[in-house]
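Structure first, commentary second.
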Amino acid sequence: MSVRVRFAPSPTGYLHVGGLRTALYNFLFAKKHNGKLILRIEDTDRTRYVPNSVENLIKTLAWAGIEFDEGPHIGGPYAPYVQSERLEIYRKHAEMLVEKGWAYYAFDTAEELEQARQKSPHHEFKYDRHSMKNQFTFGNEKTRELISQGIPYVIRLKVPESQEIRFFDIIRGEIIVNSKDVDDQVLLKSDGYPTYHLANVVDDHLMNITHIIRGEEWLPSVPKHILLYNAFGWEVPKLAHLPLLLNKDKTKLSKRQGDVAVEDYIEKGYFRDAFVNFIALLGWNPSKDREIYSIEELIDKFELEKVNRAGAIFDVVKLDAINAKYLYSKPVSELAKEFRFWVERRGYLGLSDDYLQKVVALLRERVKKLPDIMDFAPYMFEKPVQYDLEFLKKHWNETTYENMKDILTILKQIEEFTSEKIHDTIVNYLNTKNLKLRNIIHSLRVAITGLSYGAGMFETMEVLGKEEVVERLENFLNNVVPKIQIEI
RNA sequence: GGCGCAUUCGUCUAGUGGUUAGGACACGGCCCUCUCAAGGCCGCGGCAGGGGUUCGAAUCCCCUAUGCGCUACCA
């Protein structure tokens, strides 16, 4: 049978980076085996539904390069792909289970259950079908009567008293759980919606899913699912439970401790391929001495069997390093195109492609992310508004002003304003004064950029252009120096 | 509390009975140098602990510890 896998998120807002990794592994696995990737929306909790999150999810996944073969946005042979549109299917299956004796009606209210839970000291409450309000304690006749009267009810799974449930996980191997530790899970809620467990099992079967690849937090509920598959007489799909993505303190990755929404990282300017590359390597690694992989290579090398079992901490520092590697190796023309988006968003309009290319080429090795260039070197976009006086003080002496004035004069005479020409011109001048480059270059840098750091000074001047450089120097000498004279 | 899963440098990981336990990021030093980077070289640093099995264990088994997850009419 050909591979069919699914990504089944809840529409509760944004796409979590853990969700992206789950989606990515499903995607890689599907592509690797020429299978299909299905998007299924698990919106069975009406209280947590957030409008527009499905559109958002799809958009964000598309940003990462993950496209689906079937889903609510494109349809498919197993539609609908939104669980809230499949309510009758779940009800029918839940009732089928009751008929077969695998499930039963129960009438306990949420408050009653809550109270019962309060009584047990440490979360040790387990639903007792022999003492609470349900089909067994009430009898079939009364149960029918209550239902016909419209009394709210749920349908619960009748879990065997003591039975060994064993299953095989591709990543973790064989796992054995005794059914005495499994609760009589609610399958159909009193509002008519199914719980995750019922909907998931029914849909995975009806949609012919061959492999369930999902987060480790689902591992403890697999026994319930096995019981359901058995009750229906269905084959259990292959299982693979992925290790969790963790915060620095090793708890499950969550808000509060940093950004968890993929959108946050898009917003910060990480490259999609770098981000996907990073995420893919959290919990899986195809080799021992490489970490930069294109999506095609990831697909080619992906193996569920090689996925790690232990959780992985999401470390932004490492992400930055990988993003920087992409930044240093992508073609400048491509980067400039993308850079324009960020630049214009900050309100720097009307810059030429040529200029942006030069700026990127000059500064990309000094930052981690494309838009960081604007923070690192604002002077490439606007005239300096502040000057690093602390730094200037260290390099300024009684002759600096006159030297700089002379340099301004000779710079004006350069016809081809290239970094080599600028360099030679200034060095020649300094030689006549018996000075070294280091005696003037730092002050010059502050005068032109306002900062103590940046790309090579001559290259920077070339990119800024003669007119701009002259203007800045004149302004510095005529207007800035008099004002700051006392301080330096 | 119960059940489950996990445990190799600070972090991501390679490793599947015989390796000086490898790489990357981070960190430190040196080189390069007009600053800041990038790059090159060097260094720091790890098999949670204890028992077995074995000629030999990071690798297999058991125990302990620790961490995490689940324990909802949430997913």
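Letters go in sequence order (proteins before strands), and every chain restarts at 1.
What separates CG of A/Asp289 from P of B/rG22 is a distance of 13 Å, to the nearest Å.
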Kindly list each side-chain donor-acceptor pair under 3.5 angstrom involving residues 83-95 of chain A, sequence neighbours excluded, with atom names and distances?
{"unit_1": "A/Gln83", "atom_1": "NE2", "unit_2": "A/Glu42", "atom_2": "OE2", "d": "3.2"}
{"unit_1": "A/Gln83", "atom_1": "NE2", "unit_2": "A/Asp203", "atom_2": "OD2", "d": "2.9"}
{"unit_1": "A/Ser84", "atom_1": "OG", "unit_2": "A/Asp43", "atom_2": "OD2", "d": "2.6"}
{"unit_1": "A/Arg86", "atom_1": "NE", "unit_2": "A/Tyr90", "atom_2": "OH", "d": "3.4"}
{"unit_1": "A/Arg86", "atom_1": "NE", "unit_2": "A/Asp203", "atom_2": "OD1", "d": "2.9"}
{"unit_1": "A/Arg86", "atom_1": "NH1", "unit_2": "A/Tyr78", "atom_2": "O", "d": "3.4"}
{"unit_1": "A/Arg86", "atom_1": "NH1", "unit_2": "A/Pro80", "atom_2": "O", "d": "2.9"}
{"unit_1": "A/Arg86", "atom_1": "NH2", "unit_2": "A/Asp203", "atom_2": "OD1", "d": "3.0"}
{"unit_1": "A/Tyr90", "atom_1": "OH", "unit_2": "A/Asp203", "atom_2": "OD1", "d": "3.2"}
{"unit_1": "A/Tyr90", "atom_1": "OH", "unit_2": "A/Asp203", "atom_2": "OD2", "d": "2.5"}
{"unit_1": "A/Arg91", "atom_1": "NH1", "unit_2": "A/Tyr153", "atom_2": "OH", "d": "3.0"}
{"unit_1": "A/His93", "atom_1": "ND1", "unit_2": "A/Ile89", "atom_2": "O", "d": "2.7"}

(request) Determine, step by step, whether A/Asp315 and A/Lys248 satisfy the side-chain contact (heavy atoms from CB on, under 4.5 Å) criterion, reporting the C-alpha distance in whole Å, the side-chain angles of both residues, the deciding distance to 0.1 Å, and the verdict. (result) CA-CA 7 Å; A/Asp315 184 2; A/Lys248 277 237 186 313; 3.4 Å; yes

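Between A/Asn308 and the phosphate of B/rU13, there is a side-chain N or O to OP1/OP2 separation shorter than 4.0 Å. For the pair A/Lys119 and B/rG1, the criterion of a side-chain N or O lying under 4.0 Å from OP1 or OP2 is not met. Within the 4.0 Å cut-off from OP1 or OP2 of B/rA24, not a single side-chain nitrogen or oxygen of A/Asn285 is found.
Nucleotide B/rA75 forms a pair with no other nucleotide shown, judged by Watson-Crick or G-U wobble geometry with both contacts under 3.5 Å. Base pairing annotation: B/rG10 forms a Watson-Crick or G-U wobble pair with B/rC25, both donor-acceptor distances under 3.5 Å. Figure legend. B/rG4 is base-paired to B/rC68; pairs are counted as Watson-Crick or G-U wobble with both atom distances under 3.5 Å.
For residues 446-464 of chain A, no residue pair satisfies the salt bridge (Lys or Arg N to Asp or Glu O under 4.0 Å) rule, not counting sequence neighbours. Residue pairs meeting the salt bridge (Lys or Arg N to Asp or Glu O under 4.0 Å) criterion with at least one partner in residues 418-428 of chain A, sequence neighbours excluded, are A/Glu416-A/Lys421.
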(message) How would you summarise protein contacts on nucleotides 33-42 of chain B per nucleotide, using B for base, S for sugar-phosphate only and - for none, with heavy-atom distances below 4.0 Å?
(response) -BBBBS----

(message) Protein within reach of the bases, or only the backbone? For nucleotides 62-75 of chain B, mark each nucleotide 5' to 3' as B, S or -, using heavy atoms under 4.0 Å.
(response) ------SSSBSBBB

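In this structure, A/Tyr229 has its ring center no closer than 6.0 Å to that of A/His225. In this structure, A/Tyr270 has its ring center no closer than 6.0 Å to that of A/Phe278.
Annotation: side chain of A/Pro223 is not in contact with side chain of A/Glu164 (no heavy-atom distance under 4.5 Å).
Residues satisfying the salt bridge (Lys or Arg N to Asp or Glu O under 4.0 Å) criterion with A/Asp273, sequence neighbours excluded, are A/Lys330.
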